[in-house]
Amino acid sequence: MNFLSKQEITAQQLFQVADDAYLNGSPWHLKTFQAELQNEYTHYLGMSDDQGQLIGFAGGTYLDDVLDISNVAIVQAYQKKHLGELLLKTWFNTFATQTTVLLEVRAGNQGAKRLYQRLGFETYRKRQAYYNRPVEDAVLMMLQLPIKSKE
């Protein structure tokens, strides 16, 4: 696996990965990715396979020592292989120690919640009926870097 910086990734690639990664298609629009790639406060890390094909990414906004993760996606063919964990660990190592990392995840997304808990995230709040397609609660989680993995 190889890692790609924000400057090496296109909005179209991000959209295609997200569209494949989620059962109902990408929850984000192509225009969202275009705007994020132009924003100086957004940070992305892509993951490519040995042929150079983008297979996953993590993205978020970093401001005042707080990283607010907006999206994480791995194409379906590569899911359940711990690549999301490798991607996030690699990405988190690019941020300052003592960075606070925030995210929200669907309450029913047990795989993602287990991954985040392994990385040391803790739940600090829930939002009722936050998501659509289908309607579902959001679990808000927080981590203080550096990672203290829970194997």
Side-chain angles (χ1 to χ4, degrees), residues 1 3-4 6 9-39 41-49 53-95 99-151:
M1 296 299 145
F3 295 98
L4 305 168
K6 174 180 166 178
I9 304 169
T10 68
Q12 184 64 43
Q13 288 174 305
L14 295 172
F15 180 77
Q16 287 172 336
V17 168
D19 203 45
D20 181 84
Y22 292 88
L23 293 177
N24 293 322
S26 177
W28 307 286
H29 299 284
L30 177 60
K31 288 182 180 182
T32 302
F33 290 118
Q34 290 168 336
E36 287 205 342
L37 289 177
Q38 294 177 7
N39 183 332
Y41 299 108
T42 59
H43 292 254
Y44 272 83
L45 184 67
M47 177 184 275
S48 65
D49 62 16
Q53 183 74 28
L54 189 70
I55 62 165
F57 67 86
T61 303
Y62 182 67
L63 187 61
D64 296 331
D65 294 326
V66 176
L67 172 62
D68 190 356
I69 297 177
S70 55
N71 39 44
V72 177
I74 302 287
V75 295
Q76 288 185 32
Y78 286 90
Q79 291 178 5
K80 297 182 171 56
K81 299 179 185 212
H82 299 281
L83 295 178
E85 184 170 356
L86 174 62
L87 175 64
L88 289 172
K89 284 181 176 181
T90 302
W91 191 42
F92 291 163
N93 283 335
T94 68
F95 294 96
T99 294
T100 299
V101 183
L102 305 173
L103 63 81
E104 57 202 32
V105 62
R106 284 182 176 271
N109 190 341
Q110 298 303 323
K113 288 190 328 189
R114 278 192 303 274
L115 164 62
Y116 300 139
Q117 289 167 346
R118 272 196 317 272
L119 292 173
F121 280 87
E122 295 182 4
T123 299
Y124 69 92
R125 190 170 164 198
K126 292 185 181 179
R127 288 187 180 146
Q128 298 289 323
Y130 179 77
Y131 288 105
N132 296 312
R133 296 185 330 154
V135 173
E136 191 170 358
D137 295 346
V139 176
L140 282 67
M141 303 180 85
M142 180 185 325
L143 169 71
Q144 192 75 37
L145 295 181
I147 295 173
K148 297 171 187 77
S149 294
K150 298 176 182 178
E151 300 301 323

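The analysis underlying the following values was restricted to heavy atoms, covering all of them including side chains, and did not include hydrogens, waters or symmetry mates. Index from 1, following the sequence.
Looking only at atom types and distance, the side chain of T100 has a donor-acceptor partner in the side chain of Q144 under 3.5 Å away.
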request  = In sequence, state the C-alpha distance, the side-chain angles, and the governing distance for M141 and V139, and then conclude on side chain to side chain contact (heavy atoms under 4.5 Å, CB included).
outcome  = CA-CA 6 Å; M141 303 180 85; V139 176; 4.0 Å; yes

ask   = Can you list the steps and then say if R125 with M142 is a side chain to side chain contact (heavy atoms under 4.5 Å, CB included)?
value = CA-CA 9 Å; R125 190 170 164 198; M142 180 185 325; over 6 Å; no

request  = Please test E136 against Y130 for side chain to side chain contact (heavy atoms under 4.5 Å, CB included), starting from the C-alpha separation and ending with a verdict.
outcome  = CA-CA 6 Å; E136 191 170 358; Y130 179 77; over 6 Å; no

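Looking at N93 and I147, their side chains never come closer than 4.5 Å, going by heavy atoms from C-beta outward. At a threshold of 4.5 Å between non-hydrogen side-chain atoms, the residues D137 and K126 do not count as touching. Residues P27 and N71 fail the side-chain proximity criterion, which asks for heavy atoms closer than 4.5 Å. Looking only at side-chain heavy atoms (C-beta outward), L88 and Y116 come within less than 4.5 Å of each other. Looking only at side-chain heavy atoms (C-beta outward), H43 and F95 come within less than 4.5 Å of each other. Between W28 and S70, every side-chain heavy-atom pair lies at or beyond the 4.5 Å cut-off.
Annotation: N39, atom CG; neighbour count of heavy atoms from other residues, nucleotides and ligands within 6.0 Å is above 12. The neighbour count for Y41 OH, taken as heavy atoms of other residues, nucleotides or ligands under 6.0 Å away, does not exceed 12. Q128 CD: 12 or fewer foreign heavy atoms inside a 6.0 Å radius.
Under the 3.5 Å distance criterion, the side-chain polar atoms of D68 are left unmatched by any main-chain donor or acceptor of G60. Proximity of a side-chain donor or acceptor of Q76 to a complementary backbone N or O of D20 within less than 3.5 Å is detected. Between the side chain of E85 and the main chain of L115, no donor-acceptor pair closer than 3.5 Å is present. Using modelled atom types, one side-chain atom of Q110 and one backbone atom of A107 make a donor-acceptor pair closer than 3.5 Å. A donor-acceptor contact shorter than 3.5 Å links the side chain of K6 to the backbone of T42.
Using cut-offs of 30° and 60° on the angle between ring planes, the pair F92 and F121 is tilted. A tilted orientation is assigned to the rings of F57 and Y44, their planes being inclined by 30° to 60°.
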